Each structure stands twice: as C-alpha cells, then as structure tokens.
Amino acid sequence: LNNEPDKWWSGPDGSGVTNVMRHFKPRAYYNYLLKAWNTIKAIAPNAKIAMGGLANTEDYYLKAIWLFAYYNNNKIMPFDAVNYHFYPSDGAQFAGTRGISPEAYNFSAKITQLSYWRDKYMPDKEFWNSEYGYDTNSSDKKAQYSGVSGDGDPIIQGRWLFRLVM
C-alpha cells in the first residue's frame with residue numbers, strides 16, 4: 001500500500017518534493033496501513049497486503065513502525081509482506097552518482113541483514129523486492145556505470161539485473 005512511504009530524500013517535512021505525496025512518518029504510515037488492512041481484510045480476508053516498497057534499504061523505518069505497533073497496538077503489523085526497492089549506486093539511493101554492480105553494492109549482505117531482522121521480529125511476514133534496477137536515462141549521471149566506458153551500457157545493465165535476482 002502506497003509507494004516509498006519513507007521518501008527519505010524529501011526532507012523531514014516532505015517539502016523538497018513537488019507533485020508527489022509527502023512521505024509518511026512511521027507512526028502516520030502505520031495508522032494508514034492499519035485502516036487499509038482492516039478495510040481490505042473485512043472484504044477479502046485472504047488478500048495479501050504488502051507495505052509500500054521502502055526506498056531506503058536501511059531498516060530504521062521498518063523498525064520504527066514495528067516499535068510503534070509493539071508499544072501502542074498489541075503488536076499488530078497490518079501487512080503480509082515487507083517490501084523494499086533496490087537501486088544500487090555508489091551512494092545512498094538517489095544520492096549516488098553512478099550505478100554499481102550488485103557485488104559492489106553489497107546487495108547480498110543488505111538482503112541478509114534485512115531478512116535477519118524480519119525473521120527475528122516478524123517471522124510471519126514475507127519479504128518482497130518489488131523494484132530494482134538501474135537508470136536508463138542517459139542524461140542522468142546514475143546511468144553511467146562505474147568501471148564501464150560509455151553511458152548506460154544496456155549489456156552491463158542486463159548482466160547486473162540478472163545478478164540482482166539470482
């Protein structure tokens with residue numbers, strides 16, 4: 001439900017983004033999820049509900065949602081799947097300057113860390129990666145791959161995408 005509710009690049013009040021829904025603070029997003037969860041599950045009890053894909057692959061946003069649920073709402077987590085978006089670059093997502101390989105991004109370790117936390121605190125939740133990839137807009141610096149001559153080589157991008165899903 002929703003898309004990238006953490007929108008970390010938009011600043012603390014979302015004022016850095018135009019024409020985009022402002023980011024949710026974890027508590028507000030939790031309440032949004034809970035209302036949607038109750039409505040959807042009342043109509044379709046077997047429906048799978050994924051939280052909006054988190055743009056930041058650090059786990060602080062998910063932990064904040066979990067802490068709010070744990071201490072304020074009987075530990076109810078109103079989604080069936082934890083959901084992340086991965087766009088490997090040489091810096092924080094959207095702040096990096098060049099796309100990098102899954103290995104240079106340490107993709108495997110990031111997935112392992114996020115999965116470990118999910119397994120420990122929310123073992124009944126699925127883990128989804130609903131967006132991943134590399135920029136193909138040749139005017140964007142992130143389309144220029146590290147260690148590759150030329151801008152946005154689609155063969156390199158294809159190889160890296162394949163390795164992301166392996």
Side-chain angles (χ1 to χ4, degrees), residues 1-12 14 16-17 20-37 40-41 47-70 73 75-137 140-143 145-146 156-166:
L1 295 170
N2 202 285
N3 184 46
E4 299 178 348
D6 54 334
K7 292 190 188 342
W8 60 269
W9 63 92
S10 67
V17 177
V20 177
M21 181 185 292
R22 290 182 174 200
H23 77 288
F24 282 99
K25 291 187 168 129
R27 179 175 152 175
Y29 186 58
Y30 176 86
N31 288 327
Y32 167 85
L33 283 171
L34 187 61
K35 287 177 186 174
W37 168 273
I40 293 167
K41 293 293 186 172
K48 291 262 186 187
I49 298 173
M51 66 183 301
L54 297 178
N56 193 327
T57 56
E58 302 299 324
D59 56 8
Y60 67 86
Y61 193 85
L62 183 60
K63 285 179 180 178
I65 291 172
W66 182 86
L67 284 169
F68 181 76
Y70 188 86
N73 206 10
K75 303 178 189 175
I76 296 168
M77 293 304 291
F79 50 85
D80 298 301
V82 174
N83 188 10
Y84 281 94
H85 296 166
F86 295 94
Y87 291 91
S89 71
D90 61 357
Q93 190 164 326
F94 301 110
T97 59
R98 299 176 73 82
I100 58 175
S101 73
E103 296 80 13
Y105 182 65
N106 211 3
F107 182 71
S108 180
K110 288 178 189 297
I111 292 287
T112 299
Q113 175 187 350
L114 295 170
S115 294
Y116 173 80
W117 192 87
R118 186 276 326 255
D119 292 348
K120 184 173 180 179
Y121 295 101
M122 297 185 291
D124 61 324
K125 306 301 179 194
E126 297 177 9
F127 187 97
W128 291 8
N129 175 12
S130 61
E131 276 185 36
Y132 60 93
Y134 298 91
D135 199 337
T136 57
N137 176 359
D140 187 326
K141 287 191 289 186
K142 283 188 293 243
Y145 303 110
S146 296
I156 296 297
Q157 182 185 48
R159 290 176 182 161
W160 288 355
L161 288 171
F162 186 73
R163 293 201 315 255
L164 275 172
V165 298
M166 293 300 296

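In this text, all values refer to a predicted model and were calculated from it rather than measured experimentally. Starting from 1, each residue takes its place in the sequence as its number.
With rounding to the nearest 0.5 angstrom, the CG atom of Asn129 is 8.0 Å from the NE2 atom of His85. To the nearest 0.5 Å, atoms CE (Met51) and CG (Asp6) are separated by 8.0 Å. Note that CG of Leu34 is 12.0 Å distant from CD1 of Ile65, once rounded to the nearest 0.5 Å. Atom CH2 in Trp128 sits 8.0 Å away from atom CG in Asp80 (nearest 0.5 Å). Here OH of Tyr32 is found 5.5 Å from CG of Leu1. Values are rounded to the nearest 0.5 Å. Atom OH of Tyr87 sits about 10.5 Å away from atom OH of Tyr105, to the nearest 0.5 Å.
The shortest non-hydrogen separation linking Tyr30 to Ile76 is OH-O, 2.7 Å. Among all heavy-atom pairs drawn from Ile100 and Trp160, the shortest one is C-CZ3, 3.4 Å. Contact record, Leu114 with Tyr84: CD2-OH, 3.6 Å, taken as the closest heavy-atom pair.
The ring-ring contact (aromatic ring centres under 6.0 Å, His included) check on Tyr121 picks up Trp66, Trp117, with sequence neighbours excluded. For Phe107, the ring-ring contact (aromatic ring centres under 6.0 Å, His included) criterion is met by Phe86, not counting sequence neighbours. Remark: Lys63 engages Asp59 in a salt bridge (Lys or Arg N to Asp or Glu O under 4.0 Å) (not counting sequence neighbours). Residues meeting the side chain to side chain contact (heavy atoms under 4.5 Å, CB included) test with Lys75, sequence neighbours left out: Tyr70.
Annotation: Tyr116, atom OH; neighbour count of heavy atoms from other residues, nucleotides and ligands within 6.0 Å does not exceed 12.
At a threshold of 4.5 Å between non-hydrogen side-chain atoms, the residues Phe79 and Met122 count as touching. Contact check for Pro5 versus Leu33: no side-chain heavy atoms found under the 4.5 Å cut-off. Between Met77 and Trp37 the shortest side-chain heavy-atom distance does not fall below 4.5 Å.
A donor-acceptor pair is defined here as one N or O able to donate and one able to accept, closer than 3.5 Å; no such pair exists between the side chain of Asn83 and the backbone of Ala50. With Tyr29 contributing its side chain and Gly52 its backbone, the two residues share a donor-acceptor pair below 3.5 Å.
Among pairs with a residue in residues 26-35, none fulfils salt bridge (charged side-chain N to carboxylate O under 4.0 Å, His left out), at least two apart in sequence or across chains. The salt bridge (charged side-chain N to carboxylate O under 4.0 Å, His left out) contacts involving residues 102-126 comprise Lys48-Glu126, Glu103-Arg163, where partners must be two or more places apart or lie in separate chains.
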